[in-house]
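Please read the structure below before turning to the comments.
Atoms within a ligand are numbered from 1 in the order they appear, just like the ligands themselves. Small disclaimer: the values here were computed from a predicted structure and weren't measured.
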Amino acid sequence: MHPRLVQARELQSWMVTHRRQLHAEPEVGLELPDTTAYVVQVLQECGYQPEVHPGAGVTAQIPGRDRSRTPTVLRADMDALPVDEQTGPRFAEFASQRQGAMHACGHDLHMAMLLGAARAYADQPPAGDVVLVFQPGEETDRGAVPTLARHQSLQLEAASAFALHVHATWPPHSISYTRGTFMGYGDWFRIDFRGPGGHASQPHLAGNPIEAGARFVLAARALVETLSASEHLVATVTESFMGNTVNVIPGEGRLRGTIRTLSAAQRAALINGLRDAAARAAKDTDTEASFELMEGYPAVVNDGSYVDQMLTTLTATELGTGLTEMTQPSMVIEDFAYFLQRWPGAMVYLGANIEGHTAFNHAGDAVFDESVLATGAALHLMAGDGF
Ligand SMILES: [Zn+2]
Ligand SMILES: [Zn+2]
C-alpha cells in the first residue's frame, strides 16, 4: 500500500473524532472564533506555529525535505451553512448543537482531512514545502480573497494548489476530476421594471411591469436554449415581486435570478443577452428596465498538466480505482477559484455517499461517509508531495 495511504488510515479514528467535534459546533461566515481556536490548537499539538488572521483563517507552514522544490498550497474551508440539522437519530451523537447552523456542505470533513495530513507530515515531512490553509467564508463571503491577501505564508510567486470537495451523492472514495473547467462561474442578476401603472380597467393606458416580467422570463428561456446549443449554461429567475391587489396595475416590479456558465465568453454572451431581453421586454410594454449584475465567484479551472501528473501518481496506488473523469463541469461554485487564478493546480470531488441517503450538500439531511476521511487525507498528503 502507498505509504501515505498507510499513514492516513492509521489516523482514521483520530480524524473521525475531530470531524465530529467540529460538526457539533458549526459556525457560519467569515468570523469563526471557535472553529479557528480548535484548528489552531490541533495544529499546535502537532508541533506547528500557525499564522492566524481573524476573518481570514489559519495557515501553517511545513518545511519539505527538499526546500528547492515548488511549494504546494493545500486548502480546506471551515464555514458551515445557516441550516437546521435534520439528519435523524443515526447521526444524533454528533449532530449540530447550534440552532440555525450545520456543516451541511462537509467542510468539517475537509478540516479533519487536512488536520490528518498535518499530523502525518509531522512524522514524515512532505517532499517540498507545504502551506496548509484553513479558510473561512467559502459559501457566500468570498473568504478566499482576504485569506490569500493577508497571510504572509501565502505570498508565494510559484506554487501548486490543491483542494477537494466531498460530494454527498457520489460513490464513497470516487475521485472525480476534469482537465480545465471543474466548476463554472456563478453570478446573480436583478431587474427592476418601472411603468406608469394605473387602473386595472385601462391596461391600454398603463405600462405593466408584470407583462414586462413575463416577456423577460420567456425571452430568457429562449436565449438559454440558443446559447446552450454550444455549451451548457443556466439562467433561472428565482424571485418575483410585482403587484399587491386585484384592481391596480403596479408601477414597479422586480425579478432576481441566478446564472451559471462554464466560460468567460459564454458568460459575457449570456449577460449581454439578458440585458437586451430586459430592454426589449420593457420597450414592448411601455415600461423601463434597469438590469443589475451581481458578480459571484469565477470558474474553478484545473490545470491540465497538473491533473495528468495527479492521474499518473494515483493510478499506481489503491486510490486509482476511484478515478472518474466528469463528462461536464459541475454547476456548483467555489471560491477555491481564486487560488487557481494565482497558481496552477486542481480541485477534485471526493464521493462520500452513504447508501440509502439521497440528499445533496446543503440540505438539512445531507450526510457524509466518514470512511472517506483517510482517502481525503491521503490525497492531500500525495498532493503535498507534488504527486
Ligand atoms: Zn457549499
Ligand atoms: Zn462547500
| remark: Between the NE2 atom in H23 and the CZ atom in F368, the distance rounded to the nearest 0.5 Å is 9.0 Å

| task | Report the angle formed at the Zn ion (ligand 1) by atom NE2 of H362 and atom SG of C105, rounding to the nearest 10°. | result | 100°

| said: Can you tell me if, anywhere in H110, an N/O/S atom lies at a distance from the Zn ion (ligand 2) that is smaller than 2.8 Å? | reply: no

| request: Could you confirm whether E138 has any N/O/S atom lying under 2.8 Å from the Zn ion (ligand 1)? | output: no

| request: Mind reading off the angle at the Zn ion (ligand 2) between the NE2 atom of H107 and the NE2 atom of H165, rounded to 10°? | output: 110°

| message | What's the separation between atom OH in Y349 and atom CD1 in I175, rounded to the nearest 0.5 Å? | response | 15.0 Å

| query | Going by distance alone, is a donor N or O of one side chain under 3.5 Å from an acceptor N or O of the other, for T261 and Q266? | reply | no

| query | Do Q202 and H204 meet the criterion of a side-chain donor-acceptor pair at a distance under 3.5 Å? | reply | no

| field | Whether over 12 other heavy atoms sit under 6.0 Å from Q309 CD | value | yes

| task | Could you pull out the atom name of the N/O/S atom in E139 that is nearest the Zn ion (ligand 1)? | result | OE2

